[in-house]
Amino acid sequence: QSGSVAANPEQYDESYLCPVQVGGQTLNLDFDTGSADLWVFSTLTPASESTGHAKYNPKTSGKAKSGYTWNISYGDNSGASGTVYADKVVVGGVTATSQAVEAATSVSTQFMQDTDNDGLLGLAFSTINTVQPQQQTTFFDTVKGTLAKKLFTVDLKAGTAGTYDFGYIDNSKYSGTITYVPVKTTNGFWEFTAGAATANNRSLGSVGDAIADTGTTLMYLPTAVTSAYYAQISGSTNSADAGGYIFPCDADVPDFHIAIGGKSFTVPGEYINFTPADNSGEQCFGGIQPNTGIGFTILGDVFLKAMFVVFDQTTSAPRLGFAAQ
Ligand SMILES: C[C@H](Cc1ccc(C(C)(C)C)cc1)[C@H](NN)c1nnnn1Cc1ccc2c(c1)OCO2
């Protein structure tokens with residue numbers, strides 16, 4: 001089988017939500033290549049924590065996996081936990097007849113507050129799934145064997161709907177050729193080595209080991225690369241108040257170029273002029289921030305929305321394919 005689902009951006013492209021049928025109920029989920037749990041707001045989530053969210057009702061067709069629990073905490077200190085059901089999950093027509101659906105019985109305030117978000121659908125490697133006593137497979141791993149090709153592609157866009165395609169590569173969605181690089185799976189992420197970064201024809205240094213993470217909004221780069229980039233924007237500062245680098249909204253924000261597999265890819269400066277940093281709208285928050293304290297270099301949505309990316313498990317060695325949109 002194969003299929004395609006829309007990826008709808010929230011305001012400022014903070015995250016992208018995709019309609020998914022879970023036990024026959026449609027929920028808008030944040031597809032996350034940087035985590036491996038499919039969890040949803042549910043009728044088991046206290047009303048005080050779930051107003052405004054679509055909820056999964058396991059009573060309709062879910063089969064309880066008794067004694068199974070899950071508990072996830074994300075790098076931004078948000079998190080959720082709950083119990084586990086097996087149910088039918090359909091994404092863009094691709095059907096998992098019995099997928100582990102992790103029903104939330106508790107969610108952190110960040111999730112309560114984002115009422116567009118009805119849960120996450122993890123697309124990292126199942127080795128980092130949090131279900132106990134027995135780890136469960138991601139949606140992709142559950143359906144992989146039934147897909148025309150064991151891959152999915154990600155085509156996020158700036159300020160408009162993109163797509164996640166499962167089982168095929170749509171050649172109309174990218175320009176030029178796809179450049180493939182090997183993936184290191186030991187940490188459970190789609191982790192690869194990126195190369196030299198430049199802006200205004202000046203070297204910013206090497207980006208190095210990085211993860212392709214659709215669930216992260218921004219790019220979190222090595223501090224040396226980040227400071228070298230902002231040295232090119234007059235008036236930019238790393239503001240503890242704002243929580244990162246900001247600059248005058250009318251600044252000339254240079255394009256960011258990154259070498260992957262020997263090819264150069266461009267993130268337009270306008271994607272890096274990310275959002276107003278304050279109500280005055282005078283200062284703007286950068287789409288590139290330092291990876292301090294995160295432990296990984298993360299190429300999130302600001303990077304991904306300039307690219308067409310193939311998450312490929314067609315061979316025993318997973319790989320990532322990159323092309324310009
Ligand atoms: C943060 C997301 C996971 C998430 C998504 C959405 C949300 C809200 C809907 C409530 C807005 C919270 C959480 C990411 N996914 N791979 C993730 N999950 N675990 N680590 N990361 C990457 C990281 C780690 C640390 C960081 C960060 C990023 O941004 C700022 O500091």
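Just so you know, these numbers use all the heavy atoms, side chains as well, and skip hydrogens, waters and symmetry mates. One-based numbering, in listed order, for ligands and for the atoms of each.
A ring-centre distance under 6.0 Å is not found for F140 and Y164. Between Y229 and Y245, the distance from one ring center to the other does not fall under 6.0 angstrom.
Side chains of K173 and T163: a donor-acceptor N/O pair is present below 3.5 angstrom, by distance only.
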List, pair by pair, the atoms of ligand 1 and of the protein that are both N or O and lie under 3.5 Å apart, giving the separation rounded to 0.1 Å.
from: ligand 1; atom 1: 15 (N); to: D32; atom 2: OD1; distance (Å): 3.2
from: ligand 1; atom 1: 15 (N); to: D32; atom 2: OD2; distance (Å): 2.9
from: ligand 1; atom 1: 16 (N); to: D32; atom 2: OD1; distance (Å): 2.8
from: ligand 1; atom 1: 16 (N); to: D32; atom 2: OD2; distance (Å): 3.1
from: ligand 1; atom 1: 16 (N); to: G34; atom 2: O; distance (Å): 3.4
from: ligand 1; atom 1: 16 (N); to: D213; atom 2: OD1; distance (Å): 3.0
from: ligand 1; atom 1: 16 (N); to: D213; atom 2: OD2; distance (Å): 2.7
from: ligand 1; atom 1: 19 (N); to: G75; atom 2: N; distance (Å): 3.0
from: ligand 1; atom 1: 20 (N); to: G75; atom 2: N; distance (Å): 3.2
from: ligand 1; atom 1: 29 (O); to: Y220; atom 2: OH; distance (Å): 3.4

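In this structure, the side chain of S236 engages the main chain of Y230 through a donor-acceptor pair within 3.5 Å.
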For residues 119-130, run the donor-acceptor check on the side chains, cut-off 3.5 Å, and write out each pair with its distance to 0.1 Å, sequence neighbours left out.
from: S126; atom 1: OG; to: T138; atom 2: N; distance (Å): 3.0
from: S126; atom 1: OG; to: D141; atom 2: OD2; distance (Å): 2.5
from: N129; atom 1: OD1; to: V131; atom 2: N; distance (Å): 2.9
from: N129; atom 1: OD1; to: Q136; atom 2: N; distance (Å): 2.9
from: N129; atom 1: ND2; to: A36; atom 2: O; distance (Å): 3.0
from: N129; atom 1: ND2; to: E102; atom 2: OE2; distance (Å): 3.0
from: T130; atom 1: OG1; to: D37; atom 2: OD2; distance (Å): 2.7
from: T130; atom 1: OG1; to: N71; atom 2: N; distance (Å): 3.4

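Under the 30°/60° scheme for interplanar angles, the aromatic rings of F192 and F322 are found to be tilted.
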